[in-house]
Amino acid sequence: MDASQEDPSQMPTAHRVALLARDDRPFHVILAQQFDRELIHTLCRLAERVRVIAETRQGANFLRTLLSHKRAMLYFIQPSTRTFLSFSAACQILGLSNNEVRDSSTSSEVKGESEEDTVRVLSQYFDVIIMRHPGEGFAESIAHKLNHMRRSIPIINGGSGKDQHPTQALLDIYTLHRNFSPAGPGGVIRAFEDNPFAGKTVAFAGDLARGRTVRSLVYLLCRYPGVRLLFVAPDELQIHEDILEHVGQQNIEHELCGSLPDVVADCDAIYMTRLQDEHDLAGESKKINLEDFRLDAAMKDRFKPKLAILHPLPRRKELDVRLDTDPRAKYWEQVRNGMWMRAALLAFVFNVDGAIIDHHHSHYSH
Ligand code: CP
């Protein structure tokens with residue numbers, strides 16, 4: 001069997017990460033485990049620079065030249081608002097023209113073409129494929145298959161089943177970094193601290209069993225020794241054993257909790273998630289009582305002053321709308337940070353990050 005036929009999920013993580021890299025940097029972006037602390041910081045700094053440069057017409061024009069010779073395909077055959085639109089906006093920021101497939105019933109798959117062949121065809125027209133797919137291993141497996149094509153292009157995972165959502169985790173950690181780093185004039189972060197999460201408690205609440213954003217963010221937070229993680233969920237929706245095993249192997253202090261009101265006062269960050277009942281065809285999870293996993297404005301007097309409330313969105317009733325205007329609500333910032341982080345990631349994948357750093361240095365570093 002050649003490597004393109006192997007099931008990647010059966011390989012050791014280090015091997016999976018190596019197969020997704022070229023020249024010691026991620027080529028395909030599939031797993032949160034591809035990002036160590038140094039790379040997370042590189043991307044946070046790059047996102048901050050893109051944000052600053054894009055503020056002026058001259059800067060925005062400069063950014064638009066960087067990838068104006070490239071084309072992106074947004075292959076999103078699962079519903080998405082934020083990931084799809086923020087990648088589309090990120091492409092616009094960098095001058096990448098982009099096209100989309102959002103419904104496979106409009107492609108030749110209805111004539112019996114396999115999904116793999118569809119993606120191989122797309123790889124002949126475009127320079128990167130950004131993909132949301134219901135299949136857990138599909139993005140990784142197609143990335144391996146493309147490695148064996150004469151024309152091999154990067155695959156970026158914009159959400160794979162219940163498994164991973166690495167670019168959401170990058171924007172989440174960027175948002176957390178911004179919350180815990182001192183801001184300079186205009187709210188710009190001049191220096192991201194190496195480990196602002198040591199001694200901090202981050203709680204994940206809601207449907208942790210099927211929340212791919214939680215799984216990916218836990219992998220990133222495990223890069224920060226001294227962070228404490230709370231998994232707050234009903235038994236049926238508690239985080240899976242593979243993640244707990246990883247957290248344990250990394251010596252990260254953690255606890256399983258059965259009530260959000262009981263722990264809210266301890267938290268420096270709370271990451272809320274909705275019930276992911278689209279994965280539950282029988283509708284069983286709708287019967288679970290989620291009252292103890294709801295963040296309510298009535299709890300505000302127990303919040304720490306610098307608490308960060310995050311939610312990948314969309315939300316339902318688990319996050320009280322009366323919290324939207326509280327300065328500790330960071331979920332609208334998360335949405336915007338996603339655009340800057342995804343622009344930074346695309347710039348990094350296409351090796352134009354150096355041009356952004358040089359431009360920033362010559363125009364803003366005084
Ligand atoms: N957070 C997130 O992935 O949102 P969408 O499903 O709208 O892309």
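Atoms within a ligand are numbered from 1 in the order they appear, just like the ligands themselves.
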Notebook entry, point to check: Do other residues, nucleotides or ligands put more than 12 heavy atoms under 6.0 Å from the CG atom of Asp235?
Noted result: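 For Asp235, atom CG is not crowded (no more than 12 foreign heavy atoms under 6.0 Å).
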
Notebook entry, point to check: Can Arg342 be said to sit on top of Phe87's aromatic six-ring, NZ or CZ under 6.0 Å from centre and within 45° of the ring axis?
Noted result: yes

Item checked: Salt-bridge present (Asp320, Arg315; N to O < 4.0 Å) ->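 Salt bridge absent between Asp320 and Arg315.
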
Note to self: For Asp268, is there an ion pair with Lys304 - N to carboxylate O distance below 4.0 angstrom?
What the structure shows: yes

Next item on the list: Give, for atom CG of Leu146 and atom CZ of Arg151, the distance between the pair rounded to the nearest 0.5 Å.
Entry: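 Answer for the CG-CZ pair, Leu146 versus Arg151, is 10.0 Å.
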
Next item on the list: Let me see the working for Gln164 and Glu140 under side-chain hydrogen bond (donor to acceptor under 3.5 Å, both in side chains), right down to the final yes or no.
Entry: CA-CA 11 Å; Gln164 286 240 10; Glu140 187 172 8; over 6 Å; no

Notebook entry, point to check: Tell me, which residues have any heavy atom less than 4.0 Å from some atom of ligand 1?
Noted result: Ser80, Thr81, Arg82, Thr83, Arg132, His165, Gln168, Pro312, Leu313

